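Structure first, commentary second.
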Amino acid sequence: RNLNLSQNQQLKPRMDAFTQFKNFNVARFVPTSIGGHFQNRSPMTPYLAAGVLVTLPVLFGYRRWIQGGVNHHQQDQSGKIVLITGGNSGIGYETAKDLASKNATVIITVRSDAKGIEAVQALKNETGMSDIHYILLELDEFHKVKTFAPRLKDFLAGRKIDCLVNNAAVWMLGERTETKDGIETHFSTNHLGPYILTLDLLNEGLIRDNGRIVNVASNVRAVFNFDDYQLKNKYDRMMALEQSKLAAVYFTQELQRRLRAKNSKIIAVSLHPGMIKNQNVAKQIPSVLLPVYALISKIVMKSTDQGAQTSLHCIMAPEVQTQGGKFFVDCQVKKGPEDEHLEKKLWTLSENLTGVKLN
């Protein structure tokens, strides 16, 4: 009220603009078929329409962010031999498909001949390549894992693999179960099995001198419970999964430390592939909630192709050869779980449980 005339004149254009904004009708800026629907509606309709117009780009941007990093290394992989556990489905299959399309020799591990034949044929059909093979492997039984290195050695016939991708895993089993070795299934399959496999291949000299070991883990913030790593006192499916994936990260870092101490040029890295649409998880969801899961997964989860990008980066990127022991997320080095004392403690536990040591 105390403004003088000159100040009022200066403010008038701003007040006019505010009035125009307040009376803004979004319906005029959308197609006639939609705009006509908005006419003579509630006074809130323009604001709802504006909310939709603002929300859609935000959701699109969020969706793009969720998709994560992309492997930009597309060089020919002729002469390279890559072994991928669990390569018959999920991100393992997508990893195998990408490498095969770039002329790599791809060996996938599967639990049955039927799955192996089906996956290899599908990969050959999709890539047009023929140098794709499978070997049987069951990671949840120690004695079966220990037979793998001799069988791989026979198959390679003097050759060596360039990269081992420990990709296979079990996910969030509803009830606590144990393997035939008396070990909780997640811990045995997701950590101890890959531990035996990796050390056996190293001890047999089946990994090339400048080869790579890529462990698919997760970006977990769990604490490894050494007092009850079997989760006998209190079982929780998420804890079982997270603990086994944390073990994969700890294993990677201690393995790299020991390789470096032996002056080996072989490097080990671990990675978080992101939140992936997982059929195994979907199977555990009540049927009435499946439509909700399908909708949420489209918004907040990666496809298997997108989830394979960080694995492919760790396999192919030249700079990774100097980044042994690192943890990767979206094709970039990130800070992951680290604790040298716990890593060494887990290594000792793994040795004692499996009877396998790095020679």
Side-chain angles (χ1 to χ4, degrees), residues 83 85 109 137-153 161 164-170 177-207 211-218 220 222-233 239-270 324-327 336-359:
L83 173 64
T85 65
T109 73
L137 173 64
E138 294 184 51
L139 287 166
D140 57 353
E141 293 187 46
F142 293 170
H143 77 280
K144 290 185 177 180
V145 181
K146 291 175 182 179
T147 68
F148 184 83
R151 290 184 286 124
L152 177 65
K153 187 175 184 179
I161 66 172
L164 163 64
V165 185
N166 284 313
N167 168 83
V170 295
T177 58
E178 291 186 358
T179 65
K180 293 181 179 179
D181 301 291
I183 308 295
E184 192 278 319
T185 303
H186 289 88
F187 185 59
S188 182
T189 308
N190 298 355
H191 168 61
L192 294 177
Y195 168 87
I196 297 171
L197 174 65
T198 303
L199 267 59
D200 278 355
L201 297 189
L202 288 168
N203 291 339
E204 290 291 332
L206 296 179
I207 302 178
R212 300 181 185 184
I213 298 163
V214 177
N215 294 323
V216 180
S218 182
V220 297
V223 176
F224 194 91
N225 185 359
F226 283 94
D227 294 329
D228 187 27
Y229 64 88
Q230 294 259 43
L231 301 178
K232 290 183 177 180
N233 295 329
M239 176 57 71
L241 174 63
E242 290 187 346
Q243 186 166 261
S244 69
K245 289 298 185 178
L246 176 61
V249 180
Y250 281 176
F251 166 55
T252 301
Q253 291 161 351
E254 181 60 19
L255 174 60
Q256 181 60 50
R257 196 175 289 117
R258 291 172 183 252
L259 289 171
R260 191 176 291 120
K262 294 176 181 293
N263 296 317
S264 172
K265 294 182 180 179
I266 297 172
I267 62 112
V269 298
S270 58
K326 299 299 183 182
F327 181 71
E338 292 182 27
D339 190 313
E340 185 172 344
H341 171 71
L342 295 181
E343 291 157 13
K344 292 182 181 300
K345 189 174 181 178
L346 176 65
W347 187 279
T348 300
L349 175 64
S350 303
E351 284 184 335
N352 292 337
L353 290 173
T354 65
V356 177
K357 296 185 178 183
L358 182 62
N359 295 336

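As the structure is a prediction and not an experimental result, all values here were calculated from the model. Just the heavy atoms: all of them, side chains too, but no hydrogens, waters or symmetry mates, feed the values below.
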Self-check item: Option passing side chain to side chain contact (heavy atoms under 4.5 Å, CB included) with V220 (candidates L241, V249, L246)
Solution: L246

Quiz item: In Å, rounded to the nearest 0.5 Å, how long is the span from CD of E184 to CG of L192?
Solution: 10.0 Å

Quiz item: Do you know which two heavy atoms are closest between T189 and P194, and how far apart they sit?
Solution: O-CD, 3.2 Å

Self-check item: E254 and R257 ion-paired at < 4.0 Å
Solution: yes

Quiz prompt | Short side-chain to backbone donor-acceptor contact, E343 and D339, under 3.5 Å | solution = yes

Quiz item: Within the side chain of E351, is there an N or O that forms a donor-acceptor pair under 3.5 Å with the backbone of K357?
Solution: no

Quiz item: Closest approach of K245 and V216, non-hydrogen atoms and distance?
Solution: NZ-O, 3.2 Å

Quiz item: Checking E141 side chain against K180 main chain: does a donor-acceptor pair fall under 3.5 Å?
Solution: no

Quiz prompt | Which atom of A268 lies closest to which atom of L255, heavy atoms considered | solution = CB-CD2, 3.9 Å

Self-check item: Shortest non-hydrogen contact between G324 and V269, atoms and distance
Solution: CA-CG1, 4.3 Å

Practice problem: Would you please indicate if the ring centroids of Y195 and W347 are separated by under 6.0 Å? | Solution: yes

Quiz prompt | Rounded distance [0.5 Å steps], CD in Q243 versus CG in D228 | solution = 8.0 Å

Quiz item: salt bridge (charged side-chain N to carboxylate O under 4.0 Å, His left out) with D140: which residues, sequence neighbours excluded?
Solution: R111

Quiz item: Quick one: does N203's side chain have a donor or acceptor within less than 3.5 Å of a partner on N359's backbone?
Solution: yes

Exercise. Please tell me if the side chains of L231 and H186 come closer than 4.5 Å, counting only heavy atoms from C-beta onward.
Key: no

Quiz item: If you take all heavy atoms of V145 and L197, which pair is closest and at what distance?
Solution: CG1-N, 3.7 Å

Quiz item: How long is the span from the CD atom in Q230 to the OG1 atom in T185, to the nearest 0.5 Å?
Solution: 9.5 Å

Self-check item: Donor-acceptor contact below 3.5 Å, side chain Q253 vs main chain F327
Solution: no

Quiz prompt | Minimum-distance pair of heavy atoms, taken over all atoms of S244 and N190 | solution = OG-ND2, 3.0 Å

Quiz item: Atom CD1 of I207 and atom CD1 of I267: how far apart are they, to the nearest 0.5 Å?
Solution: 11.0 Å

Self-check item: Main-chain N/O of E204 paired with D200 side-chain donor or acceptor, under 3.5 Å
Solution: no

Practice problem: For residues N225 and M239, determine if any side-chain heavy atom of one lies less than 4.5 Å from a side-chain heavy atom of the other. | Solution: no

Self-check item: Close aromatic pair by centroid cut-off 6.0 Å: Y250 and F224
Solution: no

Practice problem: State the CG-NZ distance between L199 and K146, to the nearest 0.5 angstrom. | Solution: 11.0 Å

Quiz item: Do L202 and I213 come within less than 4.5 Å of each other through their side chains, counting heavy atoms only?
Solution: yes

Quiz prompt | With sequence neighbours excluded, residues passing side-chain contact (heavy atoms from CB on, under 4.5 Å) with T109 | solution = L83, T85, L137, F148

Practice problem: Show the numbers, then the answer: is there a side-chain hydrogen bond (donor to acceptor under 3.5 Å, both in side chains) between D181 and S188? | Solution: CA-CA 9 Å; D181 301 291; S188 182; 5.1 Å; no

Quiz item: Hey, what do you get for CG (L346) to NE2 (H341), rounding to the nearest 0.5 Å?
Solution: 11.5 Å

